[in-house]
Each structure stands twice: as C-alpha cells, then as structure tokens.
Amino acid sequence: MTNREIARTLDRIADILQLKEENSFKVRAYRMAANTIYNLDEDIKVYYEKNQIAEIPGIGKTVSANIIEMLEKGSSEYYQTLTEDIPEGLLDMLLLPGMGHKTVKLIYDHLGINNREDLLKAAQEQQIRKIPGLGAKTEYNIIKGMELINQNRGKATLGLSLPMAIEFRNYLADCPQVVQASIVGSVRRGKSIVGDIDILLSGYDFAAIKSWVIAYRGIKDLNRNEMDSIGGQLDYRINFEVILVHPDSYYTALVWTTGSKSFRDQIFTGVDPSALIGLHSEETVMQKLGLDYIPPEMRENTGEIELARQGTLPVLVSRQDVKGDLHIHSDWSDGGSSIQQIAESCRQMGYAYMAITDHSKSLPISGGLNEERLAAQGVVIDEINARLNDIKVLKGIEVDVLKNGELDFSDDTLNKLDIVIASIHSHFRLDKEQQTERIIQAIKNPQVNIIGHLTGRLLNRRGPYEVDLPRILEAAAKHNVALEINSHPDRLDIDDFTARKVKDYGVKVAINSDAHHYNDLYMVDYGILTARRGWLEAEDIINCWDLPRLLTFLKE
DNA sequence: GCCGTTTTCGGCCCGACTGTTTTCAGTCG
C-alpha cells in the first residue's frame with residue numbers, strides 16, 4: 001500500500017473510533033498518524049525496510065504494527081474488525097456539512113440509516129426531526145448537502161485524480177509494448193473537478209498492452225473491454241478509460257482525446273482525423289488544422305480557436321514564471337514545518353522570495369498569532385533573512401476578516417508587515433449583500449494586499465458563499481488589491497471562470513499554495529493549472545514579478 | 001494511542017457559532 005492509502009485507512013480508523021465515542025485522544029493519535037504518513041517525505045516502505053516505522057514521531061507501537069500489517073498483507077485486520085460494528089457508509093455520511101460523528105451515530109442508532117441515499121430519503125420524509133435533539137434545520141442541511149454532492153456525482157477533485165492518473169500512466173508506460181503514453185481528457189486540461197481519468201496509449205500489440213492494463217493493481221472494477229479501449233473503476237470509485245491507438249495516429253489522437261467535446265467537434269469539423277496520420281507532435285496536428293498550438297488547459301471552445309487561427313493566443317503562465325509563494329503557514333500557527341524548513345524548500349524550488357502568512361488571533365484552533373507572537377516571529381524571520389542570501393522571506397499574515405468587515409489586527413500592527421492577506425474563516429452564511437460589503441470593507445483597508453480564497457468553497461464539500469463578483473472586482477482594481485488563486489486542490493478559489501474575468505477589470509492575481517507543510521508547496525501546480533484555464537499570463541500575476549516590482553505593488 | 005519524565009501514568013483538549021433547546025451539545029475552522 002502507498003503512503004496515501006495507509007494514511008486514508010488510518011484516518012478512517014480515527015473516524016470509526018470517533019463514531020464509537022472512544023477516547024478522543026486515541027482518535028487524535030490515529031488522526032495525527034494519518035497526517036504524518038500523508039506528509040512523509042519518503043515512501044513508508046523505506047522506513048519499513050529499516051525497521052524504523054515506530055521511530056516516526058507520533059507513531060508508536062500499536063499504529064506501527066498496524067502499518068506493517070497493511071504493508072505486508074495489503075489490509076488492516078483492525079480496520080476490518082471495526083467496520084463490523086460501524087458500517088463504512090457512515091463515513092460517507094460524515095462528509096455532509098454539519099454532519100459530525102455524534103449526529104451520524106445518533107441517526108444510525110435511531111433509524112438504522114447507514115448510507116447517504118437513505119439519509120436523504122429520511123430527511124425528505126421528515127423522519128430526522130423525530131429524533132430527539134435534531135430538527136428541521138438538520139433535514140434542510142442534509143438535503144442541501146446532498147444537492148452539492150449529487151451535482152458532482154461520481155466526480156473527483158483534481159487533487160485526487162491527478163496523482164492517481166500520473167501513477168496509472170507511469171505504470172502503463174512501463175509496459176514493454178507501449179510506445180507512448182499520456183494523460184488526456186479533463187485531467188490534462190486541469191479541470192478542478194473531473195468525471196474520469198483518461199489515458200491514451202500507442203503501440204502495435206493491443207492484446208499484450210491490454211493484459212498489462214488489466215493487471216494494474218489500482219483497478220477495482222472492469223466494465224468495458226473493447227478492441228481499442230478498456231474502461232472501469234479505480235480506487236475512490238473514479239472511472240477510467242484507456243484508449244489504444246497505432247503510433248502513427250498518436251498525436252492526432254492526443255488532440256482528439258484531450259479537447260473537450262465541443263473543442264474537438266469544432267476543430268475537426270469537416271476533417272477526418274484518420275487522415276491526419278504520421279504526424280510527430282501536437283503542434284503539427286494543429287498546424288495542419290490551420291491553428292497555432294493551443295495549450296491543453298484552453299481547449300474548451302470558448303474563443304481560443306479563433307485566437308489560434310489569428311495567431312494571437314496568450315502566452316500562459318507556467319511554473320518557471322513563478323518567483324515566489326505568498327501564502328504559507330508555519331508551525332507558528334497550524335502549519336507543520338518551521339520557517340527555516342519552508343525557506344529551504346522554497347529555495348530548492350527556485351523561488352526568489354516567499355511570505356510567511358500564519359493565521360491571526362481570532363482563529364484560536366489554528367494557533368492564530370496575537371500581536372506579541374507576530375512580533376516575535378518577525379525577529380525570527382529577520383534572523384533567517386540574515387543567513388540566507390538567495391531568497392527573501394517576507395513577513396506576512398493571513399488576517400481574519402471579522403463579521404463586520406473589520407480586520408483582526410490594527411492598522412499599526414499590519415503596517416509593520418510586508419504583506420497582508422485578508423481571508424474569511426467564519427460567518428459563511430451571510431447573505432450576498434452583506435458578504436460582498438464585508439469583503440469590500442476589507443479591500444478598502446489600505447493595509448490589505450491580497451484577498452485569500454474569495455468564495456470559501458471546498459470542492460465536493462461546501463459551496464461558495466455568494467458574492468457580487470463585479471462589485472468586488474471593481475473595488476479590488478480601485479484599491480490595488482490582488483485576488484488569490486488558492487492552489488489547494490479542494491479550493492482552487494478564485495476559480496478558472498473568475499480568473500478569466502480579472503483582466504477586464506485590471507485586477508491582479510496571486511497564485512498561492514496556502515501550504516501548511518513544506519511538502520505542500522508543490523500544490524501551487526494546481527493553482528497554475530487554474531490560472532492557465534483562466535488564460536492568465538505572467539504579467540497578470542504578482543508573484544511572477546521580481547521582488548522590487550512586487551514590493552512596490554505591496555506598498556502602493 | 002503517544003509521549004515524556006519530576007519516567008510507566010497523567011496529560012493531551014481552543015472558542016465561536018449553530019441548532020436545538022430553555023441551558024447546552026455538537027460542529028467546525
């Protein structure tokens with residue numbers, strides 16, 4: 001089992017223990033162990049071979065034995081035993097907003113409900129309110145929550161599907177009969193939510209390749225096996241399709257299978273794709289069609305084809321353009337790494353600068369900083385800056401926007417910092433007018449440089465709060481405040497649609513990782529994909545600018 | 001369940017809001 005799979009199982013053990021109302025510290029121990037394994041730098045098997053699993057901080061004898069069993073047998077007997085008491089469907093119910101462990105268990109005990117579909121039915125039939133302690137609002141929240149989930153039924157976040165797609169592709173590329181292999185479809189286009197994982201393979205011996213595909217250990221179900229394609233389900237119920245072509249038509253097939261349906265219908269109109277054989281790159285395929293090369297993220301038929309015909313496509317931002325990360329949490333609040341460790345990782349990523357932006361005091365669970373600790377952190381950052389000469393650590397904060405639009409710190413305190421991100425972490429349910437006013441209030445504050453995760457959405461979990469986007473964009477332009485593309489794959493907020501609009505208003509963007517561990521810094525890749533889907537160029541993004549220019553922007 | 005030690009047990013564990021209540025348990029960031 002991989003680190004990710006082990007972490008997931010440990011997390012599920014924690015959930016079941018919590019449902020069973022076991023000692024909350026025991027729950028926490030499993031939760032922390034899951035987190036540790038997830039963030040581990042190395043493959044857990046390396047520790048296993050050295051017999052060092054129990055030496056990982058937070059992992060003791062019991063959990064280590066559990067992990068070893070998972071590595072050796074591919075499953076955990078402890079987990080299996082636990083699911084005899086607590087059906088796994090309860091874990092799905094937990095994913096609904098407002099449904100915690102106590103509520104899920106209460107409903108299970110009273111009505112025997114152990115899956116989301118039955119839960120929805122019970123809510124619609126007003127059965128939930130009959131349970132002591134629960135009422136109509138709970139039913140309403142269940143119905144609303146299920147609407148959100150059903151909207152994206154069977155779809156997975158890019159954060160889940162992209163790593164799985166890469167792993168699958170790499171496995172397939174190892175097949176001796178495979179000549180070329182590529183991720184295609186919506187994953188390659190970088191959509192934040194995808195319906196399935198599509199892989200294109202080329203080769204001559206389809207039968208041999210197909211046997212190799214079928215042998216993949218990640219496949220949970222195989223439901224289609226045709227001459228030139230195989231389909232089924234991977235882990236997490238994610239659908240997949242593997243498409244086989246002859247090497248001569250690989251690049252044409254790459255264009256065909258990557259584009260949205262609308263895109264390929266448009267560009268292949270009147271053209272027989274099978275006539276486009278023997279080409280050696282996507283560029284030449286597009287050339288034959290009279291187009292400049294259109295990057296995968298743009299292939300949605302929303303105007304890019306016309307630009308490609310005219311030769312006026314934008315030059316999209318890429319990883320090499322990004323010069324720093326402006327939203328990072330350290331162990332001074334709820335992050336898991338020291339500033340020193342983060343600085344070292346940022347240096348290795350080739351960044352010229354980075355900002356430490358921990359939470360402010362009104363978020364106590366996150367260990368939010370008060371004025372004193374913020375000042376103390378500043379001293380530490382000064383020391384680090386004195387030691388490092390090839391990267392600049394900026395002093396920042398992710399300051400909470402309070403209900404009335406005021407900030408959690410005084411202007412004086414904020415003025416001492418290099419960079420201020422203002423974010424909402426509470427009162428998600430204000431109406432559109434109030435929420436918009438609240439954010440504009442924050443934008444107007446001269447200390448604020450960036451608005452963090454504008455709509456608060458959590459993909460597949462929590463919808464965005466409603467805001468009047470044009471008004472916010474106008475205010476941001478007027479007060480020289482950038483909007484964040486929060487790169488966490490559960491957020492990707494602002495989304496590609498909004499990113500596409502900012503240029504019209506003259507608003508700048510910051511692509512930030514919001515990393516809580518140095519291993520999460522790479523998440524910026526998801527943000528870059530979203531920015532590319534929003535047609536953004538390096539010029540539009542403040543952390544693609546060199547440090548002097550960035551500092552000028554921050555001071556304005 | 002993990003950890004650390006004044007070392008084999010006792011501590012770990014915040015606070016505001018929500019929904020259901022009528023004094024508070026549960027959720028969530």
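Just so it is clear: chains get the letters A, B, ... in the order the sequence lines come, proteins before strands, and each one is counted from 1.
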So for atom [atom1], which belongs to [X], do other residues, nucleotides or ligands contribute more than 12 heavy atoms lying within a distance under 6.0 Å?
{"X": "Tyr38(A)", "atom1": "OH", "result": "no"}
{"X": "Met349(A)", "atom1": "CE", "result": "yes"}
{"X": "Tyr140(A)", "atom1": "OH", "result": "no"}
{"X": "Glu77(A)", "atom1": "CD", "result": "no"}

Sticking with atom [atom1], work out how far [N] lies from [M], rounded to a whole angstrom.
{"N": "dT22(B)", "M": "dT18(B)", "atom1": "C1'", "result": "16 Å"}
{"N": "dT27(B)", "M": "dT20(B)", "atom1": "C1'", "result": "13 Å"}
{"N": "dC9(B)", "M": "dC14(B)", "atom1": "P", "result": "26 Å"}
{"N": "dA16(B)", "M": "dG10(B)", "atom1": "C1'", "result": "30 Å"}
{"N": "dC2(B)", "M": "dT7(B)", "atom1": "C1'", "result": "14 Å"}
{"N": "dT5(B)", "M": "dC13(B)", "atom1": "P", "result": "16 Å"}
{"N": "dC12(B)", "M": "dG19(B)", "atom1": "C1'", "result": "29 Å"}

Exercise for the section: Indicate whether any N or O donor in one side chain lies under 3.5 Å from an N or O acceptor in the other, for Asp92(A) and Asn115(A). Expected result: no
Handout entry: Donor-acceptor pair between Arg438(A) and Gln441(A) side chains, under 3.5 angstrom
Key = no
Is it true that [X] and [Y] have a side-chain N and a carboxylate O under 4.0 angstrom from each other?
{"X": "Glu372(A)", "Y": "Lys361(A)", "answer": "no"}
{"X": "Glu5(A)", "Y": "Arg8(A)", "answer": "no"}
{"X": "Lys395(A)", "Y": "Asp382(A)", "answer": "yes"}

Exercise for the section: Start with the C-alpha distance between His427(A) and Gln435(A), add both sets of side-chain angles, then the distance that settles side chain to side chain contact (heavy atoms under 4.5 Å, CB included), and finish with yes or no. Expected result: CA-CA 9 Å; His427(A) 301 285; Gln435(A) 202 67 278; 5.6 Å; no
Between protein and nucleotides 18-20 of chain B, what N or O pairs are separated by less than 3.5 Å?
unit_1, atom_1, unit_2, atom_2, d
dG19(B), OP1, Lys137(A), NZ, 3.0
dG19(B), OP1, Arg429(A), NH1, 3.0
dT20(B), OP1, Gly135(A), N, 2.6
dT20(B), OP1, Gly135(A), O, 3.1
dT20(B), OP1, Thr138(A), N, 3.1
dT20(B), OP1, Thr138(A), OG1, 2.7
dT20(B), OP2, Lys137(A), N, 3.4

Using atom [atom1] of [X] as one end and atom [atom2] of [N] as the other, report the distance to the nearest whole Å.
{"X": "Arg129(A)", "N": "dT21(B)", "atom1": "CZ", "atom2": "P", "answer": "11 Å"}
{"X": "Ile56(A)", "N": "dC2(B)", "atom1": "CD1", "atom2": "P", "answer": "12 Å"}
{"X": "Asp400(A)", "N": "dC17(B)", "atom1": "CG", "atom2": "P", "answer": "12 Å"}
{"X": "His488(A)", "N": "dG29(B)", "atom1": "NE2", "atom2": "C1'", "answer": "13 Å"}
{"X": "Ile424(A)", "N": "dC17(B)", "atom1": "CD1", "atom2": "P", "answer": "14 Å"}
{"X": "Lys61(A)", "N": "dC2(B)", "atom1": "NZ", "atom2": "P", "answer": "10 Å"}
{"X": "Ile59(A)", "N": "dG1(B)", "atom1": "CD1", "atom2": "P", "answer": "14 Å"}
{"X": "Ile142(A)", "N": "dT27(B)", "atom1": "CD1", "atom2": "P", "answer": "12 Å"}

Handout entry: Residues forming a side chain to side chain contact (heavy atoms under 4.5 Å, CB included) with Ser333(A), sequence neighbours excluded
Key = His329(A), Asp358(A), His359(A)
Problem - All side chain to side chain contact (heavy atoms under 4.5 Å, CB included) counterparts of Glu125(A), not counting sequence neighbours - result: Lys121(A), Gln127(A)
Which parts of [range] get close to DNA chain B, meaning a heavy atom less than 4.0 angstrom away?
{"range": "residues 96-111 of chain A", "answer": "Pro97(A), Gly98(A), Met99(A), Gly100(A), His101(A), Lys102(A), Thr103(A)"}
{"range": "residues 3-30 of chain A", "answer": "Asn23(A), Ser24(A), Phe25(A), Lys26(A), Arg28(A), Ala29(A), Tyr30(A)"}
{"range": "residues 62-94 of chain A", "answer": "Thr62(A), Val63(A)"}

Practice task
Indicate, with a heavy-atom threshold strictly under 4.0 Å, whether Phe428(A) touches base, sugar-phosphate, or nothing.
Solution key: sugar-phosphate
Practice task
Select base, sugar-phosphate, or nothing to describe what Arg462(A) touches, counting heavy atoms under 4.0 Å on all strands.
Solution key: sugar-phosphate
Problem - Base paired to dT8(B) (Watson-Crick or G-U; both N/O distances under 3.5 angstrom) - result: none
Practice task
Indicate the atoms forming the closest heavy-atom contact of Leu469(A) with Leu454(A), along with that distance.
Solution key: CD1-CD2, 3.9 Å
Exercise for the section: Pick out which of Gln341(A), Gln348(A), Gln340(A) makes a side chain to side chain donor-acceptor pair (under 3.5 Å) with Glu344(A). Expected result: Gln348(A)
Fill in the blank from the handout: One should read off an interatomic distance between Lys508(A) NZ and Cys544(A) SG, to the nearest 0.5 angstrom, of 11.0 Å
